[in-house]
Novice: 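Structure incoming, see below.
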Amino acid sequence: MTDHQLAAQLAAEAGRLLLTVREELADGTEAERKAAGDKRSHDFLMAALASERPDDVVLSEEGADNPVRLRAERVWIVDPLDGTREFSELGRDDWAVHVALWQAGELAAGAIALPARGVTLATPTVPAPPEYTGPPRIAVSRSRPPALAEAVRDRLDGVLVPMGSAGVKVASVVQGTADVYVHAGGQYEWDSAAPVAVARAAGLHTSRIDGSPLVYNRPDPLLPDLVVCRPEYAQAVLAAVG
């Protein structure tokens, strides 16, 4: 099995496990669903990667950071449940599972599973989003949209499109239901590694908000900002947020 195939398989399997957790705890509290989802998906991914790629290192949102990864050639960067709050609210489908591989300085493979939608987007080949001629659509959180996104909307004369987790927002640009996703103010490598790998495979622009490259497997996994957008909007988006 290639690394691309493994990323896709594990993201999809973790997603099915999370759907089972939701069913089992349908009568539980949101806090119970959050805790169980995070733990069971993390435990599954750690065990599966230990079995399939025993020589690799894993950086997971739900696990202790292992400094060995800084000397490793291959590091899996995973978010076992992206959008814990959305997952905990029964009926919502805007949450995801992220599985990415960093190898020798670059993102080498990645997959975003959208389990409640029955969709997995994975490298190496991801279709470019379909053509769109309407006003640019900027993906934002369902809560109060950040000033950054509003600045992009004003610059592009676009519209804000509310949705859930970071992976879902990037997937929306990949799938063509949004055109731009900008974020600043607190994310980590596991929030964006797999989505960025998938977005790059689809030919999208990916960068920090200052236009610099997104770099992974650093000593501090904080990676607080990013831009993912159709390439034709990149210059205007960076001008709006710079």
Novice: Can you tell me if E106 has over 12 outside heavy atoms packed within less than 6.0 Å of its CD?
Specialist: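 Counting neighbours around CD of E106, 12 or fewer heavy atoms of other residues, nucleotides or ligands fall under 6.0 Å, so no.
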Novice: Nearest heavy-atom pair of A7 and G110: which atoms, and what distance?
Specialist: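 Residues A7 and G110, closest heavy atoms: CB-C, 4.2 Å.
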Novice: For the pair R33 (side chain) and L25 (backbone), establish whether a donor and an acceptor sit closer than 3.5 Å, ignoring hydrogens and angles.
Specialist: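 Yes, R33 side chain to L25 backbone: donor-acceptor pair under 3.5 Å.
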Novice: Could you note down all residue pairs passing side chain to side chain donor-acceptor pair (under 3.5 Å) where residues 213-226 supplies at least one of them, sequence neighbours left out?
Specialist: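 Every pair satisfying side chain to side chain donor-acceptor pair (under 3.5 Å) with a residue in residues 213-226: R69-N217, E189-R218, S192-Y216, R208-D225.
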Novice: Within the side chain of S88, is there an N or O that forms a donor-acceptor pair under 3.5 Å with the backbone of R85?
Specialist: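 Yes, because the side chain of S88 sits within donor-acceptor range (under 3.5 Å) of the backbone of R85.
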Novice: Could you walk me through whether E52 and W76 pass the side-chain contact (heavy atoms from CB on, under 4.5 Å) test, one step at a time?
Specialist: CA-CA 12 Å; E52 295 291 336; W76 293 87; over 6 Å; no
Novice: Please report, to 0.1 Å, the donor-acceptor pairs under 3.5 Å made by any side chain of residues 227-240, with sequence neighbours excluded.
Specialist:
{"residue": "R230", "atom": "NE", "partner": "D179", "partner atom": "OD1", "Å": "2.7"}
{"residue": "R230", "atom": "NH1", "partner": "P130", "partner atom": "O", "Å": "3.2"}
{"residue": "R230", "atom": "NH2", "partner": "P130", "partner atom": "O", "Å": "2.7"}

Novice: Are any of the side-chain heavy atoms of L223 and Q187 separated by less than 4.5 Å?
Specialist: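 Contact flag for L223/Q187 side chains = no.
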Novice: Taking the side chain as every heavy atom from C-beta outward, state whether V152 and P136 have any atom pair closer than 4.5 Å.
Specialist: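 The answer is no, as the side chains (C-beta and beyond) never meet within the 4.5 Å cut-off.
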Novice: Does K34 pair with E30 as a salt bridge, N-O distance under 4.0 Å?
Specialist: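 Salt bridge between K34 and E30, a charged N being under 4.0 Å from a carboxylate O: no.
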Novice: Decide if atom CG of D210 counts as having more than 12 heavy atoms of other residues, nucleotides or ligands within a radius under 6.0 Å.
Specialist: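 Count over threshold, so yes.
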Novice: Apply side-chain contact (heavy atoms from CB on, under 4.5 Å) to residues W190 and H98 and explain how you reach the verdict.
Specialist: CA-CA 7 Å; W190 46 77; H98 301 170; 6.0 Å; no
Novice: For H42 and E61, indicate whether the former's side chain and the latter's backbone hold a donor-acceptor pair under 3.5 Å.
Specialist: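 No, H42 side chain to E61 backbone: no donor-acceptor pair under 3.5 Å.
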Novice: Verify, without hydrogens or angle tests, whether R53 (side chain) and V75 (backbone) share a donor-acceptor contact under 3.5 angstrom.
Specialist: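 Checking the backbone N and O of V75 against the side chain of R53, no donor-acceptor pair under 3.5 Å is found.
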Novice: Inspect the surroundings of CG in D154 and state if more than 12 heavy atoms from other residues, nucleotides or ligands are less than 6.0 Å away.
Specialist: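 Counting other residues, nucleotides and ligands, CG of D154 exceeds 12 neighbours.
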Novice: Please step through side-chain contact (heavy atoms from CB on, under 4.5 Å) for the pair E86 and V168, ending with a clear verdict.
Specialist: CA-CA 11 Å; E86 290 83 0; V168 168; over 6 Å; no
Novice: Is there a path of hydrophobic side-chain contacts, each under 4.5 Å between heavy atoms of I, L, V, M, F, W or Y residues, that connects V196 with L148?
Specialist: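 No, because V196 and L148 fall into different hydrophobic clusters, even though each may have its own neighbours under 4.5 Å.
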Novice: Please determine whether the number of non-hydrogen atoms from other residues, nucleotides or ligands lying under 6.0 Å from atom CD of E89 exceeds 12.
Specialist: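 For E89, atom CD is crowded (more than 12 foreign heavy atoms under 6.0 Å).
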Novice: Which of these passes side-chain hydrogen bond (donor to acceptor under 3.5 Å, both in side chains) with S165: D82, D94, T84?
Specialist: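 For S165, the side-chain hydrogen bond (donor to acceptor under 3.5 Å, both in side chains) test succeeds with only one of D82, D94, T84, which is D82.
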Novice: Going through the distances and angles, do L204 and V174 end up as a side-chain contact (heavy atoms from CB on, under 4.5 Å)?
Specialist: CA-CA 8 Å; L204 299 174; V174 172; 3.7 Å; yes
Novice: Between D191 and Y188, is there a donor-acceptor pair closer than 3.5 Å when you use the side chain of the first and the backbone of the second?
Specialist: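 Checked: pair present.
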